[in-house]
There are 2 protein chains.
Amino acid sequence: MGSSAKEEARIADALCKAVLERKLAPGSKLPEEELAQIFRSNRAKIRRVLLLLSRSHIVTLEPGRGAFVSRPSPQEARDVLASRRLIEVSLLAHPYRKLSAQGAARLRQIMSHEAQAHAAHDAIAMIYLSGQFHLTLIEELGNKVLKSITGELILRMSLIITMYERQNTTCCLSSDHHDLLELLLAHDYAEASALMARHLEGIESCLDFQREPATTTILSQILQPLKD
Amino acid sequence: MGSSAKEEARIADALCKAVLERKLAPGSKLPEEELAQIFRSNRAKIRRVLLLLSRSHIVTLEPGRGAFVSRPSPQEARDVLASRRLIEVSLLAHPYRKLSAQGAARLRQIMSHEAQAHAAHDAIAMIYLSGQFHLTLIEELGNKVLKSITGELILRMSLIITMYERQNTTCCLSSDHHDLLELLLAHDYAEASALMARHLEGIESCLDFQREPATTTILSQILQPLKD
DNA sequence: TCAACCATTATTGTTTACAATATCAAGGCC
DNA sequence: GGCCTTGATATTGTAAACAATAATGGTTGA
């Protein structure tokens, strides 16, 4: 049976989720045998997953030393941020298609979940949902290719934020998402694009590339519960 | 010695080059053992390369059946084209930095090679150099992340063109590249962006998504000489 | 003659054991 | 006492054998 690729996707998704939720700190060692036990898999599959993740710049493979959660350099961080800004801002300014009623509904549903997470002070859920909002927006106004590209950039941004975030900052303003949707429904794409630019710049302004980030290497034991 | 990753990169590059040069037709079977012999490698390495290429959408892995050169659907083709257009057109309109003298020199060198290839009627070299021109432009005005993203899109476009190109069309107008550089040197980014849009639309207008493309499965023997 | 079935062959997928390398700790040397 | 060397241990990397699956071709029967 061809469940092999499925299982590897499951493992990769779990690792990506852990990165998104800031549970896996950049620099963390990812030992093959330990991962195989956690996910009740074997080294061969883990190895393939790590190889794939390395191509997404989520994991860095050091020959002979093993796999580590990537530590994007300040330059790489700036490039990732700028690239994401280019894609999202430009797409809003010149969307491939209008926002459909169905698309608006999808966005509204995510926003309601965001509100719930906000009320519950669930920071992890808010991070995840914010990403989902952006990805859904891109899929609705653009296409799946742009969505997949941006999905990778968002993943890398998660590492970047973990490494370079200033203390005491609340990064993602979910209120922006609400305003964004209003502007799109009013077909004011120019203003929506400008808001998106400010939105992303707001995130970037919370970063400080000066201080070399701490080498917080979280024990892989932390990600024990995500084996489902 | 850590030459393993190097060797795999060499094999992957060779395959990508074959795709760029339209030597490997979409749909071609890529048998592991045969590739291992061609590149004087072993199945394990070939397997890793194919896995990686599958992530770049260059190769499609069918469980139990093996690896094939991808055959992008019309929808995927449209999405890839639109994504590339978004990135390149937007970047020219709002470049991250001005074109440096060094950057202009790099572009001019590529253009001179293009002229040589044109004079020699070397269609393959022209395709490759056209891609290099675009990638260099993106690196000079943008950054390496955008360059790598666009590099993958260009690779996919190569498959798309092979599949859907109309008869009797000369796709890439190298004269556009010359005009583009002139506009950039004159700091007329708005016009440069518009020209880029027309340039890419010109390529797209040579495509016909109606006719189902032939299943031209070239023998892997064809790529024998690229084992260096 | 054509189609369906079965055996054969070839190719892919997985597991295992082994080899190479890096890490770590202890001991000796300066 | 600090630093380098050296051996033990753990982890990664590789190869090869094996199992599973799909393609092939030939045979049989209608």
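The figures that follow rest on heavy atoms only: side chains count, while hydrogens, waters and symmetry mates do not. Below, chain A is the first sequence line, B the second, and so on; all start at residue 1.
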Short side-chain N/O contact to dT14(C) OP1/OP2 from R48(A), under 4.0 Å: yes
Ring geometry between F133(B) and H177(B) (parallel below 30°, tilted from 30 to 60°, perpendicular above 60°): parallel
For atom CZ of R47(B) and atom P of dG13(C), their distance in whole Å: 5 Å
Interatomic distance where CD belongs to E62(A) and C1' belongs to dA20(C) [whole Å]: 17 Å
Salt bridge (Lys or Arg N to Asp or Glu O under 4.0 Å): pairs with one or both residues in residues 74-87 of chain A, sequence neighbours excluded: E76(A)-R156(A), R84(A)-E88(A), R85(A)-E204(A)
Distance test, side-chain N/O of N42(B) to OP1/OP2 of dT14(D), below 4.0 Å: no
Test applied, side chain to side chain donor-acceptor pair (under 3.5 Å); reference residue, E32(A); option that passes from Q37(A), K45(A), R47(A): R47(A)
Test item: R22(B) and I161(B) side chains (from C-beta on) under 4.5 Å apart, heavy atoms: yes
Candidates dG13(C), dG13(D), dT15(C) - which lies nearest the side chain of E32(A): dG13(D)
K29(A), nearest nucleotide to its side chain (from dG13(C), dT15(C), dT12(D)): dT12(D)
Which nucleotide in dT12(C), dT12(D), dT14(D) has an atom nearest any side-chain atom of S4(B): dT14(D)
H199(B) and H134(B) aromatic ring geometry - parallel, tilted or perpendicular at 30°/60° bounds: parallel
Nearest-angstrom distance from the residue atom CZ of F68(B) to C1' of dT12(C): 11 Å
Distance, rounded to the nearest Å, where L35(B) contributes CG and dT11(C) contributes P: 12 Å
Pick out the pairs of N or O atoms, protein on one side and nucleotides 23-25 of chain C on the other, that lie under 3.5 Å.
| from | atom 1 | to | atom 2 | distance (Å) |
| --- | --- | --- | --- | --- |
| dT23(C) | OP1 | R65(A) | NE | 2.3 |
| dT23(C) | OP1 | R65(A) | NH2 | 3.3 |

Spacing between L50(A) atom CG and dT12(D) atom P, to the nearest angstrom: 9 Å
Note, S83(A) side chain near L153(A) side chain (heavy atom, < 4.5 Å): yes
Smallest separation among heavy atoms of M163(B) and P72(B), with atom names: SD-CD, 3.5 Å
Atom-pair distance (CD1 on I46(B); C1' on dT11(C)), nearest Å: 15 Å
Touch class at under 4.0 angstrom, heavy-atom based, for A44(A) against every strand present: base
Atom pair distance, as rounded to whole Å: CG in L61(B) and C1' in dT14(C): 16 Å
